[in-house]
Amino acid sequence: MPADLLEGLNPDQLAAVTAEGSALVLAGAGSGKTRVLTTRIAWLVQTARVSPMGILAVTFTNKAAKEMLSRLSAMLPINTRGMWVGTFHGLCNRLLRAHHQDAGLPQLFQILDSADQLAAIKRLLKALNVDTDKYEPRKVQAFINMNKEAGLRAGRVEAWDPYTRRLVEFFAEYDAQCNREGVVDFAELLLRAYELLERNALLREHYQTRFRHILVDEFQDTSKLQYAWLKLLAGPEAALFAVGDDDQSIYAFRGADVGNMATFMRDMGIAEPIKLTQNYRSHATILDAANAVIAQNANRLGKDLWTDAGVGEPIRHYQAMDDREEAGFVVEAIRELYREGLAYADVAVLYRANAQSRAIEHALFTAGLPYRVYGGQRFFERAEIKHALAYLRLIANPEDDNAFLRVVNFPARGVGARTLEGLDAAARQGGMSLWQAACAGGGKNKGLAGFVALVEGMRAEARGLGLAETVEIVLARSSLIEHYKTEKEGEGRIENLNELTNAALAFAADADDQGLAAAAPGTTASAATADDPAQAQLIAFLAHAALEAGEHEAGAAADAVQLMTVHAAKGLEFHTVFITGLEEGLFPHENALTEPDGLEEERRLMYVALTRARRRLFLSHAQQRLLHGQPRYGLASRFLEEIPTALVHSLNLHRRPTPPPPRSTADWGGGKAPSQPSRELPHKIGARVSHPRYGEGVVSGYQGQGAEAEIRVAFPKVGDKWFILDYVKLTPC
DNA sequence: AACTCTTTAGTCGCG
DNA sequence: CTAAAGAGTT
């Protein structure tokens, strides 16, 4: 049996799978990384090096965790129960549920997703009377998360200037508010779990003894705190098996630290990583291009991908006049591929920024080709779903202020800003929740009393019932569906609400299936011993909604062209890949260039994009692109020039070199542009122009330089108006 | 309280 | 340009 397991592995893969002790595996794109991970787990169990109980495996996405589990159960006759496989957040949630008392949390703590967190911060800033122009809620949120992700509590953040000191105050107040309300945000999940193990020696030793083998996927994406957590959990004895690729590290902007790979080698005394460089995905031409591009980066552990799959076709490059023509090219090429027998679903169109999808979607739509856009709003993040979830949260815990505020007046029932102000004041004075304040001061406001009665009615009716029934009660009594019936375009929302019942059914079935512990992240030992199992399942479902916002994607099965950002494409592969918008300023993105290692990260992003393709690769750029409604002129991306010309076929040979753009409204050559001459004025003073909103007017003046340049137009009705020259759309008339 | 108008901001995004 | 949040109006 073990012989079967290891059959077909190349020597490097074999070395990785059977490594004794801790190891770092440098797994290039398409080198069989997931196979190595799952085979190693199976091998460890089969050779009795460890029981399933002693294994913990961490992934970054729920999808990866699921995939690992399903591959594992296909490989092994044994059950995967007892194994801890999940995301960092999922595992930390599990840990905190099991030891909520030691972690200082209520048994049924709720999880805030980023939108909930932002709402909580806004509420806090309002209560503190903070000028939100000076302290933008989003910035405060980023500050708090950044520090938590670095493992820092408010008390330990260094603040040298008054502004930062104020942010630290908000940080402290925010944590106090969360503790009062018994809620935990994503970063808190990790930090709290880390502190739990750090402070509680008994618990730490228990888990260190239990988990003999800890495996980490996408190790290059771990943050400092995550790595510290892993080390703590591993202790001195356990074997830590980390798999990653420094060349595919593209999440530094959200706290990932590639440096963890070098640190890990030092900490564990690993001299050399095991390198997986044989690629089973792409033809050599594609790999050569990817190798050449990534070779431009200085900070690498260093490896080149190779294949014995043959040279393959040359890469095609197309230079378009503008983004519309680029999209047209993509559509034509896809049509041709389809005629040749390729399925639409085998084609991916990648772009750097979501805003670019519009032009391509438009072209595909007009041509009548099926497509699917990845990313965007996820199921549990939709407004109507969050409303329904808020009612569920109030059933679980009516003192949840976040949930209370979300639906106290939705659908509208006459609880306005005035009423809420009073309620808020009463709550703060009495040191209680909004719910308590509403109950205490009942009767004052009819709508508020109605709301209290509504929620109490829901709670009473739902008592002891299953999850799906509870959801139905919420849908029936909240009149959310009635509300959306009156709204135009509310049909989709109603469908989603009904889908929520299905999600609850599926979740409950899953939980039954896998026994109490496995599927529901919340239902570990202590939660299962809650007084009310229905309540526990509700909490588990709410945690599931926060931790797995996606999953409920519709139409995934249909044959459709796949549209997504390069980030979203990581980990996927396609027969044919289009990488569009290869222009300086866009890819590499201008914003990235201002950051220290920004260009190298952009280049890694390009490397990820290139290595998604199995057989065919199309690259394109546009000389002119509409961005925010204004034309921008871009030079070809430097990444295009970094690909050896011998690998690339230009599809523009018939075309003359295009003349330079007529006029540079925004000078953004990424450093390559000539020094900016005084800008040409698009409209002479005194010229008659038309504005989309204000109608006709007369240009009366200019002021400012560069991006701040403004134009003044006199309108007969509204008088003089200043507009930012780069953004205003004025047509001569 | 509900509606409409105006202003604003816009890289990538797991859990 | 466009979506979303904030300000202003009815």
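Order of the sequence lines fixes the chain letters, A, B, ..., with proteins taken first and strands second; residue numbering starts at 1 for each chain.
DNA chain B is contacted by both A:Leu605 and A:Ala412; A:Ala412 maps to the nucleotide lying nearer its 5′ end (nearest heavy atom per residue). Comparing A:Glu602 and A:Thr419 by the nucleotide of DNA chain B whose heavy atom lies nearest to each, the residue mapping closer to the 5' end is A:Thr419.
Atom name C1', nucleotides C:dG6 and B:dT11: the rounded distance is 25 Å, in whole Å. Between the C1' atoms of C:dA3 and B:dC14, the separation comes to 24 Å (whole Å).
For the OP1/OP2 pair of B:dG15 and a distance below 4.0 Å, the side-chain nitrogens and oxygens of A:Ser114 include no atom meeting the criterion. Contact check, A:Asn354 against B:dC12: a side-chain N or O comes under 4.0 Å of OP1 or OP2. Not one side-chain nitrogen or oxygen of A:Asn591 sits closer than 4.0 Å to the OP1 or OP2 atom of B:dC12.
With centres under 5.5 Å and a plane angle under 30°, the ring of A:Phe253 is stacked against the base of B:dC12. Centre separation under 5.5 Å together with a plane angle under 30° does not hold for the ring of A:His567 and the six-membered base ring of B:dC12, so they are not marked as stacked. With its ring centre under 5.5 Å from that of the base six-membered ring and a plane angle below 30°, A:His628 counts as stacked on B:dG10.
Atom CD in A:Gln117 sits roughly 16 Å away from atom P in B:dG15 (whole-Å rounding). Rounded to an integer number of Å, the gap from CG of A:Asn62 to C1' of B:dC14 is 9 Å. For A:Gln630 and B:dT8, the CD to P distance is 18 Å, given to the nearest whole Å. Rounded to a whole Å, the CE atom of A:Met606 is 18 Å from the P atom of B:dC12. Following rounding to the nearest Å, A:Gln110 (CD) and B:dG15 (P) show an atom-to-atom distance of 20 Å. The nearest whole Å value for the distance from the CD atom in A:Glu590 to the P atom in B:dG10 is 12 Å. Distance, A:His89 NE2 to B:dG13 P: 17 Å, rounded to whole Å. Here B:dG15 presents its C1' atom at 17 Å from CZ of A:Arg94, a figure rounded to the nearest Å.
With hydrogens and angles ignored, the 3.5 Å screen pairs no side-chain donor or acceptor of A:Asn409 with any backbone N or O of A:Ala412.
In the displayed structure, A:Arg413 atom CZ is contacted under 6.0 Å by more than 12 heavy atoms of other residues, nucleotides or ligands.
Contacts of A:Glu595 with the nucleic acid, taken as non-hydrogen atoms under 4.0 Å apart, include base atoms. Counting non-hydrogen atoms under 4.0 angstrom, A:Val415 reaches the backbone sugars and phosphates but no base. Heavy atoms of A:Asn409 sit under 4.0 angstrom from primed sugar atoms or phosphate atoms, though from no base atom. Note on A:Asp113: nothing from the nucleic acid sits closer than 4.0 angstrom, heavy atoms only.
In this model, no donor atom of one side chain and acceptor atom of the other lie less than 3.5 Å apart for A:Ser223 and A:Glu149.
Checking C:dA3, B:dG13, B:dC14 against every side-chain atom of A:Arg358, the shortest atom distance belongs to C:dA3. The side chain of A:Arg352 has B:dC12 as its nearest neighbour among B:dG15, B:dC14, B:dC12. Distance from the side chain of A:Thr565 is smallest to B:dG13 among B:dG13, B:dC14, B:dG15. Side chain of A:Ala568, nearest nucleotide from B:dG15, B:dG13, B:dC14: B:dG13.
Remark: A:Arg97 is positioned above the aromatic ring of A:Phe109, its terminal NZ or CZ atom under 6.0 angstrom from the ring centre and at most 45 degrees off the axis. Judged by the 6.0 Å and 45° rule, A:Arg604 forms no cation-pi pair with A:Tyr607. Within the cation-pi definition used here (under 6.0 Å to the ring centroid, within 45° of the axis), A:Arg372 qualifies as a partner of A:Tyr374.
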